[in-house]
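The structure appears below as structure tokens.
Since the structure is predicted, the reported quantities are computational estimates derived from the model, not experimental observations. Lettering follows sequence order; numbering is per chain, from 1.
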Amino acid sequence: MGDEIRRNMALFPIGIVMKLTDLTARQIRYYEQHELIVPARTAGNQRLFSFNDVERLLEIKALIEKGVNIAGIKQVMNPVSKESEEATVLSEQSEVKRRELSEPQLHRLLKRELLEKRPGKASMIQGQLSHFYKR
DNA sequence: CTTCTAACA
DNA sequence: TGTTAGTA
């Protein structure tokens, strides 16, 4: 269950998610409007995305590139409910934790989470990770 | 960063 | 229908 918590922890602001997914802020908000993702919010009403949210966005991106529309994607992906609630509940403490994490720590965590946990999908994500490694 | 409205192809 | 520009 520890893994699930980590995956649902809201960690990333939208700017980071933009780089990770190569989506614009508009697109990300658009997908949220259509309930494809339900990111947590900070006290200042800013989005905080979990690993699950990022994975979801990458799937959405891939599906849309294949010509699948929002309605189709909704049917393909499991409805957002349980995870989002947990992510929302965790938002407060996650916000604190995010600030406590140093950049290298966050990078390490992200790398481990995306590469170790996803043998099959790692290749798709690796390209996006370059944004995170460089700097 | 957020939200909203309107506009494009 | 998905996405974007301009705005406050």
Find the distance [X]:[atom1] to [N]:[atom2] and express it as a whole number of Å.
| X | N | atom1 | atom2 | value |
| --- | --- | --- | --- | --- |
| A:Phe12 | B:dC1 | CZ | P | 15 Å |
| A:Ile28 | B:dC1 | CD1 | P | 10 Å |
| A:Ile60 | C:dG2 | CD1 | P | 11 Å |
| A:Asn45 | B:dC1 | CG | C1' | 10 Å |
| A:Lys19 | B:dC1 | NZ | C1' | 14 Å |
| A:Gln33 | B:dT2 | CD | C1' | 13 Å |
| A:Lys74 | C:dT1 | NZ | P | 10 Å |
| A:Arg41 | B:dT3 | CZ | C1' | 10 Å |

Any sub-3.5 Å donor-acceptor pair from A:Gln27's side-chain atoms to A:Thr24's backbone N or O?
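Indeed, once roles are kept as given, a pair shorter than 3.5 Å links the two residues.
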
Give a yes or no on whether the backbone of A:Leu48 and the side-chain of A:Arg41 come within a donor-acceptor separation of less than 3.5 Å.
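A pair under 3.5 Å: no.
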
Distance (rounded to the nearest 0.5 Å) between A:Met18 CE and A:Leu57 CG:
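Atom-to-atom, A:Met18:CE and A:Leu57:CG are 12.0 Å apart.
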
Looking at [N], I'd like to know if its phosphate oxygens (OP1 or OP2) sit under 4.0 Å from a side-chain N or O belonging to [X].
| X | N | answer |
| --- | --- | --- |
| A:Arg29 | C:dG2 | no |
| A:Tyr30 | C:dG2 | yes |
| A:Thr24 | C:dT4 | yes |
| A:Tyr31 | C:dT3 | yes |
| A:Gln27 | C:dT3 | yes |

Worked verdict on A:Asp53 versus A:Val17 for side chain to side chain contact (heavy atoms under 4.5 Å, CB included)
CA-CA 9 Å; A:Asp53 292 327; A:Val17 177; over 6 Å; no

Assign A:Arg47 to base, sugar-phosphate, or nothing according to its heavy-atom contacts below 4.0 angstrom with the strands shown.
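Result for A:Arg47 = sugar-phosphate.
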
With a 3.5 angstrom cut-off on both distances, give the Watson-Crick or G-U wobble partner of B:dC1, or none if there isn't one.
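By the stated definition (distances under 3.5 Å), nothing pairs with B:dC1.
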
Please find the pair of heavy atoms, one from A:Ile64 and one from A:Tyr31, that lie closest to each other, and give the distance.
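Minimum heavy-atom separation between A:Ile64 and A:Tyr31: CD1-OH, 3.5 Å.
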
